[in-house]
Amino acid sequence: MPKTAATLPPAADPSRWKALVFIALAQLMVVLDATIVNIALPSAQTDLGISDGNRQWVITAYALAFGGLLLFGGRIADKWGRKNAFVVGLIGFALASALGGAASGEAMMLGARALQGAFGALLAPAALSLLAVMFTDAKERAKAFGIYGAIAGGGGAVGLILGGFLTEYLNWRWTFFVNIPFAVVAAVGAWMVIREPAGSRNRAPLDIPGVLLSTSGLVALVYGFTRAESAGWTDAVTVSMFAAAVVLLSGFVLVEGRVKSPLLPLRVLLERNRGGVYLSLGLAVIAMFGLFLFLTYYLQVVKGFSPVKTGFAFLPMIAGMITGSTQIGARLMTRVPPRLLMGPGFLLAAVGMLMLTQLEVGSSYATLILPAQLLLGLGMGTAFMPAMSLSTYGVNPADAGVASAMVNTSQQVGGAIGTALLNTIAASATTAYLTDHAAELAAGGPAVRLVQAQAMVEGYSAAIWWAVGILVASATLALTLINTGRPGAGGPVAEGSAEEAGLKVPVIAH
């Protein structure tokens with residue numbers, strides 16, 4: 001059968017590898033920002049006079065804007081063009097970071113964090129969808145997503161190291177200012193080298209009801225989990241946020257099934273491979289975010305590590321993630337089905353997490369924490385890489401932005417759930433331990449400090465057990481739902497034809 005213009009493979013973009021450098025740099029900046037501010041928060045709170053009750057909003061303002069606007073940002077990228085959205089997102093993120101670094105008070109800081117989240121919601125899906133439309137060869141795609149997956153998985157831990165350095169040796173304001181050179185270099189480079197395939201935009205009218213329902217629903221959901229951490233799961237506002245999220249997101253699904261040009265076409269969600277990625281990756285991120293939180297507190301509070309030493313203590317996990325993503329995932333992705341990388345990857349991470357359930361006050365870093373981190377990193381890196389690639393699996397090029405936004409949304413919501421859920425479990429276990437050892441606490445003396453440390457570790461261990469179960473569930477979902485073969489071996493093609501999408505470019509299939 002002769003090939004038509006719509007089915008011929010695209011000519012490889014000669015600048016695609018240069019473009020990958022700037023896309024990866026932007027992704028690193030966004031992922032770094034998710035953790036770097038955590039290290040700087042105590043210093044910033046003191047300088048700006050932020051109350052204990054409001055300090056969580058430095059994190060929450062970013063999370064709400066980022067999580068709530070991701071789908072909107074993904075569709076804007078499809079409509080404007082990914083390159084345009086990418087560059088605008090970078091410039092906006094840099095300006096918001098400058099505002100945060102120069103903050104003179106609480107209101108200015110919270111406004112800057114919300115702006116960072118909003119521009120991040122435009123930048124993140126644009127970056128991932130650029131990879132989807134620029135790398136169409138299976139082997140090249142595997143390498144590109146291997147690099148991207150390593151950054152997405154390990155960047156948060158790098159943020160802990162960089163945040164510790166900047167806070168300890170310079171000033172907390174540099175955790176914001178450091179974003180500016182990242183953004184400027186990435187924006188200038190992207191503008192010069194990225195050549196987005198012609199005709200790949202989705203010029204359909206914007207689905208305003210979908211935007212309002214999805215944004216408000218996601219904001220309510222993320223805020224519900226964030227508030228649950230501080231106010232409790234039975235708090236009236238917490239419960240009302242969850243109820244509002246259910247109503248708004250249910251309304252969103254109903255609207256998307258009926259409007260002519262939906263913000264999120266349901267076919268993006270209902271394809272079982274992409275759905276498997278969104279669910280399994282979201283669950284895995286719940287476990288990972290909880291671990292970052294507990295291990296940071298364990299190392300600093302229980303073991304007495306400095307912020308910089310704590311950051312370096314996460315290096316084995318970073319090394320494992322980079323190795324798993326670029327050396328295992330990227331090399332095997334073109335040889336085995338993705339589920340045989342994601343499932344075993346999540347299970348290997350679960351084994352590493354299982355080791356950490358044995359944490360004690362006097363546990364050795366070298367014999368317990370280091371090998372556990374290596375296994376976690378190897379497992380998550382191996383799983384993240386095919387997950388990132390499959391997030392745009394078989395999708396029509398015109399929907400690449402919103403499909404990319406969905407994988408970011410699953411991670412953002414997963415992070416909010418992980419921090420709230422696992423922290424609540426840890427706090428309950430710690431309280432129970434202290435209650436059981438009330439007599440030792442009442443006696444006073446040196447034993448009090450030891451009992452308090454043991455109570456903290458008991459809480460971390462209880463929460464980490466839950467994280468083990470969550471990773472096993474992630475592996476089960478990946479092995480059950482994801483059924484595509486290895487890239488290039490056939491399988492589902494992109495939804496619809498180029499003519500149906502109003503495109504003149506080849507359909508992406510892998």
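Quick caveat: nothing in here was measured; it's all calculated off a predicted structure. The figures here come from the full heavy-atom set of this structure, side chains too, leaving out hydrogens, waters and symmetry mates.
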A.B. asks: Can you check side-chain contact (heavy atoms from CB on, under 4.5 Å) on Phe384 and Met321, steps first, answer last?
C.D. replies: CA-CA 9 Å; Phe384 259 70; Met321 284 182 173; 5.8 Å; no
A.B. asks: Taking all atoms of both residues into account, what is the closest heavy-atom pair of Val88 and Leu122, and its distance?
C.D. replies: CG1-CD2, 4.0 Å
A.B. asks: Give a yes or no answer on whether the side chain of Ser325 reaches the backbone of Ile322 with a donor-acceptor pair at less than 3.5 Å.
C.D. replies: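 Not at all, since once roles are kept as given, no pair shorter than 3.5 Å links the two residues.
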A.B. asks: What's the separation between atom CE in Met288 and atom CE in Met353, rounded to the nearest 0.5 Å?
C.D. replies: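 The CE atom of Met288 sits 6.5 Å away from the CE atom of Met353.
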A.B. asks: Enter the distance from Leu264:CG to Arg75:CZ here, rounded to the nearest 0.5 Å.
C.D. replies: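 If we round to the nearest 0.5 Å, Leu264:CG and Arg75:CZ are 8.0 Å apart.
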A.B. asks: Flag the pair Ile91 / Phe119 as yes when at least one side-chain heavy-atom distance between them is below 4.5 Å, and no otherwise.
C.D. replies: no
A.B. asks: Between Leu390 and Arg274, is any pair of side-chain heavy atoms under 4.5 Å apart?
C.D. replies: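 A side-chain contact is absent here, since even the closest heavy-atom pair is not under 4.5 Å.
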A.B. asks: Compare every heavy atom of Leu123 with every heavy atom of Ala26, then report the nearest pair and how far apart it is.
C.D. replies: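 Ala26 and Leu123 have their closest heavy atoms at CB-CD1, 4.2 Å.
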A.B. asks: Given side chains that start at C-beta, do those of Val58 and Met109 come closer than 4.5 Å, heavy atoms only?
C.D. replies: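 The answer is yes; the side chains approach within 4.5 Å.
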A.B. asks: Does the side-chain contact (heavy atoms from CB on, under 4.5 Å) test come out yes or no for Leu115 and Phe93, once each step is laid out?
C.D. replies: CA-CA 7 Å; Leu115 279 175; Phe93 201 93; over 6 Å; no
A.B. asks: Please report the interatomic distance CG(Leu221) to OG(Ser214), rounded to the nearest 0.5 Å.
C.D. replies: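 Taking CG in Leu221 and OG in Ser214, the distance rounds to 12.5 Å.
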A.B. asks: Are any non-hydrogen side-chain atoms of Ser280 and Phe346 less than 4.5 angstrom apart?
C.D. replies: yes
A.B. asks: Locate the shortest heavy-atom distance separating Pro344 from Arg339; write the atom from each residue and the value.
C.D. replies: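 Distance-wise, the nearest heavy atoms are CD-O, 3.5 Å.
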A.B. asks: Rounded to the nearest 0.5 Å, how far does OG1 of Thr476 lie from CG of Leu471?
C.D. replies: 10.5 Å
A.B. asks: Closest heavy-atom contact between Ala187 and Val87?
C.D. replies: O-CG2, 4.1 Å
A.B. asks: Could you walk me through whether Leu421 and Phe225 pass the side-chain contact (heavy atoms from CB on, under 4.5 Å) test, one step at a time?
C.D. replies: CA-CA 8 Å; Leu421 177 64; Phe225 279 107; 5.6 Å; no
A.B. asks: Is there a side-chain contact between Leu348 and Thr382 (heavy atoms, below 4.5 Å)?
C.D. replies: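 They are not in contact (no side-chain heavy atoms under 4.5 Å apart), so the answer is no.
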A.B. asks: Kindly say whether Leu213 contributes a backbone atom to a donor-acceptor pair with the side chain of Ser216 at under 3.5 angstrom?
C.D. replies: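 At least one qualifying donor-acceptor pair exists.
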A.B. asks: Would you confirm whether Ser474, through its side chain, and Ala284, through its main-chain N or O, come within 3.5 Å as a donor-acceptor pair?
C.D. replies: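 It does hold such a pair.
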A.B. asks: Looking at Met192, I want to see if its CE is surrounded by more than 12 non-hydrogen atoms of other residues, nucleotides or ligands under 6.0 Å.
C.D. replies: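 No - once you tally the heavy atoms of other residues, nucleotides and ligands closer than 6.0 Å, there are 12 at most.
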A.B. asks: Going by heavy atoms in the side chains, are Phe242 and Thr238 under 4.5 Å from each other?
C.D. replies: yes
A.B. asks: side-chain contact (heavy atoms from CB on, under 4.5 Å) for Leu481 and Leu279? Distances and angles first, verdict last.
C.D. replies: CA-CA 10 Å; Leu481 293 178; Leu279 287 173; 4.0 Å; yes
A.B. asks: Output the distance between atom CH2 (Trp17) and atom CD1 (Ile23), rounded to the nearest 0.5 Å.
C.D. replies: 11.0 Å
A.B. asks: Closest approach of Arg173 and Ala102, non-hydrogen atoms and distance?
C.D. replies: NH1-C, 3.5 Å
A.B. asks: For atom CH2 of Trp466, is the number of surrounding heavy atoms from other residues, nucleotides or ligands below 6.0 Å larger than 12?
C.D. replies: no
A.B. asks: Counting C-beta onward and ignoring hydrogens, is there a side-chain heavy-atom pair between Gln373 and Ile318 closer than 4.5 Å?
C.D. replies: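 In short, these two side chains do not touch, never coming nearer than 4.5 Å.
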A.B. asks: Between CG of Leu71 and CD1 of Ile76, what distance do you get to the nearest 0.5 Å?
C.D. replies: 12.0 Å
A.B. asks: Looking at every heavy atom in both Arg113 and Ala61, which two are closest together, and how far apart are they?
C.D. replies: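 Taking every non-hydrogen atom into account, CB-CB, 4.2 Å.
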A.B. asks: For the side chain of Asn273 and the backbone of Asn483, is there at least one donor-acceptor N/O pair under 3.5 Å apart?
C.D. replies: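 At least one qualifying donor-acceptor pair exists.
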A.B. asks: Do Arg82 and Phe86 come within less than 4.5 Å of each other through their side chains, counting heavy atoms only?
C.D. replies: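 Result no, sub-4.5 Å side-chain heavy-atom pair not found.
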A.B. asks: Assign the ring pair Tyr62 / Phe66 to parallel, tilted or perpendicular, where the plane angle (0 to 90°) is split at 30° and 60°.
C.D. replies: parallel
